[in-house]
Amino acid sequence: MSDFASYDLVGIADGIRDGRFSSREVTEWCLGRLDTLGRQYNAVFQIDHERALKRADSMDQQRVQGKSSGALHGVPLAHKALFDVAGLECHAGSVLLKGRVPDNSAFLIRQLDQAGQVNLGTLHMSEFALSPTGFNDHYGSGKNPWNPDHISGGSSSGSGIAVAGRMVFGSIGGDTGGSIRLPAAMCGITGIKPTFRRISSQGAIPLSPSLDCLGPLAQSARDCARLLTCIGKANPDDALSEPLLATDFEAHLDGNIRGLRIGVLDGYYREALDTEVATCLDAGIDMLKRCGVSVVAAHPPSIMADINALSQTVLSVEAATLHRKWIQQRPHDYSDQVRGRIEQGFAYSAVRYAEALSMRGKILAEYMDTAFAHCDVLYAPVMPLLTPTIAQTLEGDPGDVQQMIGRVGQMARGLNYLGLPAISVPAGLSKTGLPMAFQLIGRPFSEATLLRIADAYQRQSDWHRVSPFDKS
Amino acid sequence: MSAMDTELPPFPPTIDLQSAAWDMYGAEANHAITERNNQIIAGLAVQRIEFSDHVYDFSRVLRLYGENIT
């Protein structure tokens, strides 16, 4: 059987389109890896062999007839178990929703189907998307493909593991406080959290509707651009999604980023950074300078820690609202850690929650006027520490665990309150061989600019091409 | 609708590990976090919330500072 480990999503799509290999060949190869590596590293919940192969054959048949579904024709993907897929169990990593099989697919799954994806099944995630580490007490935690003793990051843990391990060529995840960017950073792939409501969340299981964002994880910025183009169409049936014109994000990737100004965030974003992370950030910005951007210092507003508190409050109140009935009726179907975090939400008054949301516009304006005063895009760490071991994230009393969870998500969480888009870009390996990354933060709806910068960087670096299982 | 459907945990919550509703993992840690966040929000709100705040509607501000808005 052919080895497709050196291909990215766009390469696989091109190869199938040109008839160099078939969708069935690639799909069989991916299914084999999901069955072995996917199980070993806890990347999957359900593999849909039969439907995937049938779909691949159908895609191959269409190609022979000169027909193409679109930009993902015959490409094997799989997604976080957060999205309804008709006929596939979708339980969001919980016991509570075990056996739930939706009749209809989520809006974004339908968009991917129309573009020609071959959906291989559902991927591992943290219980109800409520852990940045990939922790799942019911199904076991996600294991980092670079070292299974370390966390994969979450909550889109399976997406991170499966893409990094070359088990699928792309995946859609969800990000309420870093859940796309953190597994992307820890597994060594690219992941973009779009602007709040840029992507319709119809058919996705919510955690905190004021913060939830959906977006792609894939090897490269170009792969992410292709996926984002497919899922970024306006949904006329979703009054909450932003009715923007459809964008071809891939068309903007010309490698030219001269003239763009990148602001390197200091203050909060540089406090208590691990020295290896700091060195990696310095190398990343040097590379971007060589790509032609100008670099300035950027100062976040003094209330960055407070923004995290606002984000945490909104998340826990909204999660408690969604889960109250189940928590009262079936408390033991939640893991202790997840139930404890949701129950925080019961301890806020309605006034505090309303205040947290009422200030959101004003605080976003403060952030934009301060941090973006002299630049187009901001540059920051995705997380301040090297990827911890699974044991380190579970050690000590609940206060210690909460503190570790808070530290892992410290640089990511506040951006969900602000609603801003951000992309995690692989930028190095630590001395212990674990991926490191930087984060680019954009103005609202500037996904095209973020992808353009990340793509220009990836034209000069190979960190997104390094694979944990297929070392060249 | 059963009584259970409408029954809320006590508010303000008490850290009573014997209470069914709050017999939870990390009650003390949660209490510390929520206390801290409540104080932070109260402090921010005093400085920022005014009756004219409708101009700071979040979606409006997103679009105001947005790139490529058509």
Side-chain angles (χ1 to χ4, degrees), chain A residues 195-197 210 242 244-245 247 303 305-306 309-310 312-313 316 324-325 327-329 331 335-337 339-341 343-349 351-353 355-366 368 372 376 397-403 406 419-420 442-446 448-449, chain B:
Chain A
T195 308
F196 177 59
R197 289 186 177 159
S210 297
E242 283 288 342
L244 299 176
L245 288 177
T247 306
I303 57 164
D306 295 348
L310 288 160
Q312 187 176 32
T313 302
S316 56
R324 179 176 69 83
K325 191 170 159 182
I327 280 194
Q328 289 183 300
Q329 291 176 344
S335 66
D336 287 346
Q337 185 186 114
R339 184 160 57 101
R341 291 190 69 204
E343 284 179 333
Q344 273 179 30
F346 295 123
Y348 296 101
S349 73
V351 173
R352 289 291 168 267
Y353 171 69
E355 284 174 342
L357 285 181
S358 297
M359 290 186 283
R360 203 175 178 192
K362 194 173 267 186
I363 288 175
L364 172 60
E366 279 178 52
M368 298 306 299
F372 280 94
D376 306 297
D397 62 28
D400 297 326
V401 173
Q402 298 265 25
Q403 201 168 22
L420 298 173
R443 293 173 177 274
F445 308 107
S446 68
T449 302
Chain B
M1 186 181 285
S2 71
M4 185 174 266
D5 288 339
T6 55
E7 189 183 337
L8 280 166
F11 187 86
T14 53
I15 306 303
D16 175 5
L17 297 180
Q18 301 306 310
S19 150
W22 290 89
D23 178 12
M24 64 186 192
Y25 172 90
E28 286 178 29
N30 278 347
H31 183 66
I33 291 168
T34 53
E35 277 290 295
R36 186 202 65 199
N37 288 353
N38 272 322
Q39 284 175 20
I40 288 170
I41 295 169
L44 292 170
V46 164
Q47 295 161 6
R48 285 174 178 78
I49 293 184
E50 295 164 17
F51 283 106
S52 60
D53 275 352
H54 63 279
V55 299
Y56 285 105
D57 170 77
F58 181 61
S59 293
R60 184 178 173 277
V61 178
L62 270 178
R63 296 179 79 83
L64 186 69
Y65 285 92
E67 189 175 291
N68 300 323
I69 300 292
T70 49

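Residue numbering restarts at 1 for every chain, and letters A, B, ... go by the order of the sequence lines.
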Applying salt bridge (charged side-chain N to carboxylate O under 4.0 Å, His left out) to Arg352(A) and not counting sequence neighbours gives Glu355(A)
Give a yes-or-no answer on whether the side chains of Asn38(B) and Tyr348(A) include a donor-acceptor pair shorter than 3.5 Å.
no
Is Ile40(B) in contact with chain A via its backbone, its side chain, both, or neither, using a 4.5 Å heavy-atom distance?
side chain
Distance under 6.0 Å and angle within 45° of the ring axis: does Arg443(A) meet both against Tyr65(B)?
no
Look up atom CD in Gln344(A) and atom CG in Asn37(B), then write down how far apart they are to the nearest 0.5 Å.
7.5 Å
Go through the structure and list residues passing side-chain hydrogen bond (donor to acceptor under 3.5 Å, both in side chains) with Thr34(B), not counting sequence neighbours.
none
Locate the shortest heavy-atom distance separating Arg48(B) from Lys362(A); write the atom from each residue and the value.
O-NZ, 2.6 Å
Which region of Gln403(A), side chain (C-beta onward) or backbone (N, CA, C, O), has a non-hydrogen atom less than 4.5 Å from a non-hydrogen atom of chain B, or is it both or neither?
neither
For Ser335(A), is it the side chain, the backbone, both, or neither that has a heavy atom closer than 4.5 Å to a heavy atom of chain B?
neither
What distance separates Thr195(A) OG1 from Glu67(B) CD, expressed to the nearest 0.5 Å?
9.5 Å
Select one option (side chain, backbone, both, neither) describing which atoms of Leu357(A) are under 4.5 Å from chain B's heavy atoms.
neither
With a 4.5 Å cut-off on side-chain heavy atoms, are Ile41(B) and Met359(A) touching?
yes
